[in-house]
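In what follows, a single structure is set out as structure tokens and then discussed.
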Protein chains: 2
Amino acid sequence: MTAADLIDEPMRPGHGPLYRQVKQRIIRHLIDETWKPGDMLPSEPRLAESFGVSPGTVRRALDELVAENLLVRHQGKGTIVCRHDPERSLFHFFRMVDAAGDRPTPSSRVLACGRRRADRAEAARLGLPAGAPVVVIDRTRSAAGRPLLVERLVLPGRLFGPLAAVAPAELPNTLYTLYEERFGVTVYRAAEQLRAVTADARDAQLLEVATGTPLLEIDRLASNLDGMPVEWRLSRCRTDAYRYRVELV
Amino acid sequence: MTAADLIDEPMRPGHGPLYRQVKQRIIRHLIDETWKPGDMLPSEPRLAESFGVSPGTVRRALDELVAENLLVRHQGKGTIVCRHDPERSLFHFFRMVDAAGDRPTPSSRVLACGRRRADRAEAARLGLPAGAPVVVIDRTRSAAGRPLLVERLVLPGRLFGPLAAVAPAELPNTLYTLYEERFGVTVYRAAEQLRAVTADARDAQLLEVATGTPLLEIDRLASNLDGMPVEWRLSRCRTDAYRYRVELV
DNA sequence: TAGTGGTCTAGACCACTTT
DNA sequence: AAGTGGTCTAGACCACTAT
């Protein structure tokens with residue numbers, strides 16, 4: 001191994017445990033796309049040599065990154081950066097289950113997709129200046145042939161500008177995969193806030209329920225590795241056949 | 001250290017990684033109450049000697065148990081078994097937050113507390129034989145002086161028999177602490193399923209809302225270390241001032 | 001001062017995958 | 001056969017707590 005193979009400079013004295021400094025360096029390389037989703041990282045001994053630390057220290061940093069769903073290890077092969085493949089996109093952030101506890105495979109129908117200026121609520125939620133351009137997608141999602149939810153997604157135009165030009169029918173069911181592959185935006189975390197609301201006339205028509213039916217409203221803000229908001233999603237769900245499940249530990 | 005200090009026999013050849021076998025042995029000692037909540041475990045070198053493994057292997061087992069909220073380490077002091085102190089009881093399983101993202105400190109008012117036979121739904125949910133005795137508690141919880149939710153708790157009578165004799169006014173706000181201190185029942189996990197419902201006449205009166213107001217219904221099944229259900233809780237929440245928050249990773 | 005957990009290192013061997 | 005991650009061991013030193 002020559003100097004050219006080194007990914008980074010050796011660690012210099014810093015604050016906190018060495019393995020956390022190593023972890024932060026690796027995260028920085030994920031942010032600056034030294035390693036992109038799906039890429040393989042250098043092996044643990046190589047990383048250790050690059051950073052000038054012992055293999056055990058690198059290993060501990062990787063352990064935490066794996067626990068946080070940023071990396072995946074494959075024994076005998078190597079360690080890769082997590083991807084939002086359709087499988088993960090569909091199930092990792094989707095918490096509705098049927099009475100048996102099984103997750104449905106939802107399909108989606110786009111009602112509208114366009115570009116406009118953010119209103120005040122949208123700008124505030126996404127951390128954008130007032131009037132910044134946003135892409136707005138309205139769609140419904142169904143499971144087992146019956147409408148499950150209606151939702152509006154608001155995305156920063158700076159990151160997703162060309163998305164508005166995509167024909168509604170072209171938008172895939174698994175948007176997070178699209179964000180990653182077409183726009184280089186990776187959703188790593190999301191925070192959801194839930195409340196109960198009643199269906200208005202539009203909800204009722206789209207969800208095939210009576211006006212006034214109670215719906216579960218899910219307000220989700222998704223962010224990337226930098227902690228920047230990249231999507232605001234407001235969903236209204238029927239909860240007669242599916243419920244929202246949470247495991248508390 | 002003498003043989004009498006050993007808490008267990010050395011590991012014998014088994015299946016899977018050694019550290020997981022050590023972890024399972026420790027969990028078994030938590031179940032059989034060799035170490036109770038609040039107790040201090042033997043030090044890592046002592047455990048290693050008892051189990052006949054290296055300190056690093058014990059450490060890895062403890063790492064996982066700490067990550068699962070079964071143990072807590074205190075540098076310089078030792079490792080103790082997690083307790084459901086009122087702080088944890090109030091905040092660990094309670095996910096309602098206000099608009100600013102802060103958790104309220106709810107107070108509770110017991111409406112009824114008694115013992116009777118489980119109906120079919122209750123027996124099924126708690127894994128009890130039909131007609132088994134259960135303790136049922138009805139109460140409301142308020143935050144910032146306003147009613148937040150109304151709920152019914154159903155507990156296996158076998159575990160909580162004497163609880164029905166407690167005067168309603170004596171029941172503390174933090175029930176999980178009571179379960180642990182008075183009945184030796186520790187809640188370790190819970191699964192919640194959420195749906196939207198409308199307030200019936202009783203809900204409306206207790207929550208001071210109009211009949212038909214949408215409410216968030218939280219169906220929680222809590223279990224102990226053995227995986228046995230120990231509480232079924234059905235709550236109906238107003239979501240005008242507080243929302244249910246979930247972090248997705 | 002002694003004991004505890006927290007960090008870091010070094011090396012051996014195993015299981016799995018690729019060539 | 002060579003390279004990867006997975007496990008297990010052993011020992012050094014540090015930071016914190018109790019006495």
Side-chain angles (χ1 to χ4, degrees), chain A residues 1-2 5-8 10-26 35 38-83, chain B residues 1-2 5-8 10-26 35 38-83:
Chain A
M1 165 146 166
T2 68
D5 293 323
L6 297 179
I7 297 307
D8 206 334
M11 306 295 302
R12 294 186 307 153
H15 296 304
L18 243 189
Y19 72 89
R20 284 208 191 276
Q21 298 175 44
V22 170
K23 178 183 172 189
Q24 286 311 314
R25 282 236 197 158
I26 294 173
W35 306 307
D39 286 354
M40 185 163 299
L41 260 62
S43 74
E44 295 176 5
R46 270 177 198 278
L47 285 172
E49 192 175 353
S50 292
F51 292 130
V53 300
S54 82
T57 301
V58 164
R59 190 163 181 79
R60 185 146 182 201
L62 294 184
D63 281 341
E64 291 201 353
L65 293 165
V66 167
E68 291 169 22
N69 291 313
L70 300 182
L71 303 177
V72 185
R73 284 203 259 241
H74 294 288
Q75 185 173 7
K77 289 163 63 175
T79 300
I80 66 168
V81 183
C82 266
R83 295 184 55 208
Chain B
M1 167 145 163
T2 69
D5 293 322
L6 299 179
I7 42 90
D8 206 332
M11 306 297 301
R12 294 186 308 157
H15 297 303
L18 244 190
Y19 73 88
R20 283 206 192 275
Q21 298 175 44
V22 170
K23 177 184 173 187
Q24 286 309 313
R25 282 237 196 157
I26 294 173
W35 306 306
D39 286 355
M40 184 163 299
L41 262 63
S43 74
E44 295 175 5
R46 270 176 200 280
L47 285 170
E49 192 175 354
S50 292
F51 291 131
V53 301
S54 80
T57 301
V58 165
R59 189 160 182 83
R60 184 146 183 201
L62 295 184
D63 281 342
E64 291 202 353
L65 293 165
V66 168
E68 291 170 22
N69 290 315
L70 301 182
L71 304 177
V72 185
R73 285 203 257 242
H74 294 288
Q75 184 171 7
K77 288 163 62 175
T79 300
I80 66 168
V81 183
C82 266
R83 296 185 55 209

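We name chains A, B, ... by the order of the sequence lines, and we start the count at 1 in each one. For clarity, every value in this text was computed on a predicted model and none was experimentally measured. Side chains are part of it too, since the values below use all heavy atoms of this structure and drop only hydrogens, waters and symmetry mates.
Scanning all heavy atoms of the two residues, the minimum distance from A:Y19 to A:A61 falls at O-CB, 3.4 Å. Between B:V66 and B:R73, the shortest heavy-atom contact is CG2-CG, 4.0 Å.
One atom, CE of A:M40, and another, P of D:dG3, lie 15 Å apart when rounded to the nearest Å.
Rounding to the nearest 0.5 Å gives a distance of 9.5 Å between OG of B:S43 and CD of B:E49. From B:H15, atom NE2 reaches atom CD of B:Q21 across 8.5 Å, with rounding to the nearest 0.5 Å.
Every side chain to side chain contact (heavy atoms under 4.5 Å, CB included) that B:L65 has, sequence neighbours left out, goes to B:K23, B:I26, B:I27, B:L62, B:L70, B:L71.
Within residues 58-66 of chain B, the residues having any heavy atom closer than 4.0 Å to DNA chain D are, in order of number, B:R60.
Close approach of DNA chain C to chain B, defined as any atom under 4.0 Å from a non-hydrogen atom of the protein, starts and stops at C:dG3 to C:dT7.
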Go through A:H74 and A:M40 one step at a time and tell me if the side-chain contact (heavy atoms from CB on, under 4.5 Å) criterion holds. CA-CA 10 Å; A:H74 294 288; A:M40 185 163 299; over 6 Å; no
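Taking only side-chain nitrogens and oxygens, A:S43 never comes nearer than 4.0 Å to OP1 or OP2 of D:dG3.
Between B:H74 and A:T57, it is B:H74 whose nearest contact on DNA chain C lies nearer the 5' terminus. Where A:G76 and B:P55 each meet DNA chain D at their nearest nucleotide, the meeting point lying more 5' is that of A:G76.
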